[in-house]
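Throughout, a chain's letter reflects where its sequence line sits, starting with A, and its residues are numbered from 1. In what follows, every heavy atom counts, from backbone to side chain, and hydrogens, waters and symmetry copies are set aside.
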Amino acid sequence: MSETKERKLFMYHRMLMCRMFEERVYYLFLEGRLPGTIHQSQGQEASAVGVCSALEDKDMITSTHRPHSHAIARGVSVRSLMAELFARETGCCRGKGGSMHVGDMEAGMVPAIAIVGGGIPLAAGCALAFRYLEQPNIVACFFGEGATNIGTFHEAVNMAAIWNLPVVFVCENNKYAASTAVEKVMRVKRVSERAMAYGIPGETLDGNDVEAVYQAMRKAGSRARAGDGPTLLELETYRFAGHSRSDPGRYREPEEVAAWKQRDPIARYEAKLLAERVLEPAEITKIKTSIERELEAAVAQAESDPSPKPEDCLSDVFAS
Amino acid sequence: MSSRASAVSNQEIPGREVTMVDALRAALREEMRRDKRVILLGEDIGVEGGFGGAFTVTLGLSEEFGHHRVLDTPISEAAIAGVAAGAALAGLRPVADVQYGDFLFLAMDQLANNAAKLRYMSGGKLSVSMVFRAPVGATTRGAQHGQSLEAFFMHVPGLKVACPSNPYDGKGLLKTAIRDDNPVIFFEHKLLYGSKGARKEKGGLQVVGWVPDEEYLIPFGEAKIVRPGRDITLVANLLMVHKSMQAAEILAAEGVDAEVIDVRTLTPFDWETVFQSVRKTTRLLIVEEDNLTGGWGAEVAARVADDCIGYLDGPIRRIAAPDTPVPFAPVMENFYVPSVEKIVGAVRELVKVHN
Ligand SMILES: Cc1ncc(C[n+]2csc(CCOP(=O)(O)OP(=O)(O)O)c2C)c(N)n1
């Protein structure tokens, strides 16, 4: 298999995994089998997968309150993610983090930060360390368009810019921050215009086109790796689900939601790969079945995994 | 579980049983009708088809008062706090909010360095008449959405701090806070909102409280004895008032008569009510959801030791969350949040050993 074909199939597979994971989690949540709250990412798989597929081993990502797809795309094990959502000892945060804080440094993902904008300075900081340690790695920093209205965004992007840090700022513009439409809280038409204020390149692209995202991230990543500094990528996308578990999304027009569902990143990529004969129709069911099995196993495992002990609450506060 | 913590329940006066959300919304509505200078600022508080803030408190207010008075902001907590303080300086009475108390840390500089200090720095020439509402309490959302932060703000001179445990107090204190000429941090507990439908909190107490139709205010600095007793004083706030009351019922069956005090406001603090109670019962247990070290209970312990040491028949004890972040897993969170059992256990120890 050619490298390109392999990568394309990989990205297709990963996007499907993100989607099917989220759908499974949705039902588990409705059934009351998962505690806490969840923020889901159906519809935003192309940005997660396009960006993360362009990363190298030991590169790092930072994420948000909506981290499931970022984690899967980065290669955090699905079992450890599922176990975390089930609040198990075997979860990627050993039951201490939960949905909003999943991550795994080994896999290249800082535990997700649920304070909007809170992860952006961390990303710049990781990038500073990489450069200082002469490690040839970069950081991909995910955040929503809503986060670009918070101070940390401006402070951290500026700092990364003046120091030419190896970080790519990835804004997933899904048009709404909770119930708030982007045009109500931003005068600029495009988030990418904000790059100008800090003297770095900014680019807006179709965030539901995984191939375009991948290519843009390759380019921004090379620039960062070469020591030429950060880039701000704005990926236009949409979340199909509500903001969080309890949101029926009545602030969005049904027509708008329907129109974006027409631009489903997975369906589009599937059609493209079929047309390119990279993917055969018969393979689709096979891939889906295998993902289904993997998820099934992850759920079964998570359900039988041990719970942390109540007193485990007390450990891990300080490094010893 | 239903609990009626409102002390004033007079059948003669017309009133209704309402939830905390209803009571807070009514307070905002009444004050906005009464005074044009009252405006609201926050994220997702007035969007059509939206939530009315994270816990529905402001639902319907933008329809009644318009978007010039119910201002939906960007996600910009530092600016929300600072803009509220600035507007207060220039004559408004803003009521701002954060969706989760944890985000107060983003607003900390504006609150602690500006809002709290401007009156002092100006030699008393101006005032910062603003309220900042913040939901607190652990609710299986993990470390960044479940902290109890009262003590941080109690520590800043110039800030007032309120923490109502029931709808009656919530309404009366919020109205007072809005009319106060000082910055007030107003804490609300997520499990006490009584929100319904999709916004219902898992594990929330379905607290309803009687609230009179007639207008009333509750002054700051007046604690409430929610259960009189002879043997031990329990001092609590927010959710812990309810847990202390449950504990008191269990203890009553064992012949231990606990007095439960709801502090209602931390700044100003009603020391006299606590001191008098301790002098009577000679034993003190403080119950808070805050982390133990440096929590508000530590201050209470110190003051009581200072003032009532000669009356005490035992050590002052505190039941608080351990000094850890809020864990996610429910088994750990249940261990973290002070439980009725822990309160009962601590009281048994205190009355047994020192009888
Ligand atoms: C500092 C801070 N303020 C408010 C919130 C509550 N909140 C959680 S997600 C969210 C909207 C975030 O929008 P955006 O950054 O665009 O990301 P999206 O949810 O669209 O992925 C808000 C207001 C928060 N978590 N942190």
Side-chain angles (χ1 to χ4, degrees), chain A residues 32 35-37 65 84-89 91 93-101 111 113-118 144 146-153 176-182 184-186 242-253 307-317, chain B residues 42-56 67 72-80 82 99-100 102-103 105-107 109-110 139-146 195 197-203 291 321-337 339:
Chain A
T37 188
H65 55 282
E84 187 62 28
L85 300 193
F86 271 90
R88 298 305 187 203
E89 165 70 31
C93 306
R94 300 178 55 217
K96 286 204 165 97
S99 161
M100 289 197 278
H101 304 302
I113 303 296
I115 303 294
V116 168
T148 70
N149 287 324
I150 208 156
T152 49
F153 167 80
Y176 293 86
S179 72
T180 302
V182 59
K184 285 198 187 158
V185 286
M186 229 179 262
H243 167 65
S244 64
R245 66 166 164 103
S246 52
D247 172 22
R250 279 194 280 269
Y251 45 86
R252 306 193 298 194
E253 296 298 333
S307 221
K309 288 189 288 299
E311 320 79 73
D312 290 340
C313 161
L314 301 175
S315 62
D316 302 323
V317 178
Chain B
E43 294 158 19
D44 303 290
I45 63 172
V47 178
E48 278 81 21
F51 327 121
F55 296 93
T56 73
H67 291 288
D72 283 304
T73 69
I75 308 174
S76 306
E77 282 79 6
I80 293 171
Q99 299 191 337
Y100 290 83
D102 312 66
F103 314 153
F105 287 134
L106 287 91
D109 171 54
Q110 290 297 322
T139 55
T140 67
R141 288 178 173 90
Q144 297 180 334
H145 283 73
S195 313
R199 301 306 301 185
K200 185 170 185 290
E201 279 297 296
K202 275 186 218 161
N291 299 114
D323 291 333
T324 78
V326 184
F328 162 65
V331 287
M332 288 194 274
E333 196 192 75
N334 291 339
F335 177 85
Y336 173 92
V337 177
S339 63

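- Taking the ring centroids of B:His145 and B:Phe328, they lie at or beyond the 6.0 Å cut-off.
- Look at A:Arg94 and A:Asp316 and you find a salt bridge, because one of the NZ, NE, NH1 or NH2 atoms lies within 4.0 Å of a carboxylate O, short of that distance.
- Put simply, of B:Asp44, B:Thr140, B:Val331, the one with the most heavy-atom pairs under 4.5 Å next to chain A is B:Asp44.
- Partners of A:Phe153 according to the ring pair (Phe, Tyr, Trp, His ring centres under 6.0 Å) rule, which considers only residues two or more places apart in sequence or in another chain, are A:Phe143.
- With a threshold of 4.5 angstrom between heavy atoms, A:Lys309 approaches chain B through N, CA, C or O but not through any side-chain atom.
- Of the two parts of A:Glu311, the backbone and the side chain both hold a non-hydrogen atom closer than 4.5 Å to a non-hydrogen atom of chain B.
- In this structure a side-chain-to-backbone donor-acceptor pair under 3.5 Å is present from A:Glu84 to A:Gly98.
- With a 4.5 Å cut-off on non-hydrogen atoms, A:Thr180 touches chain B through its backbone and its side chain both.
- When each of A:Gly146, A:Ala87, A:Ser315 is scored by its heavy-atom pairs under 4.5 Å with chain B, the top score falls to A:Ala87.
- A:Arg88 pairs by the salt bridge (Lys or Arg N to Asp or Glu O under 4.0 Å) definition with nothing, not counting sequence neighbours.
- When A:Ile113, A:Ile115, A:Val116 are compared by the number of non-hydrogen pairs under 4.5 Å with chain B, A:Ile115 comes out ahead.
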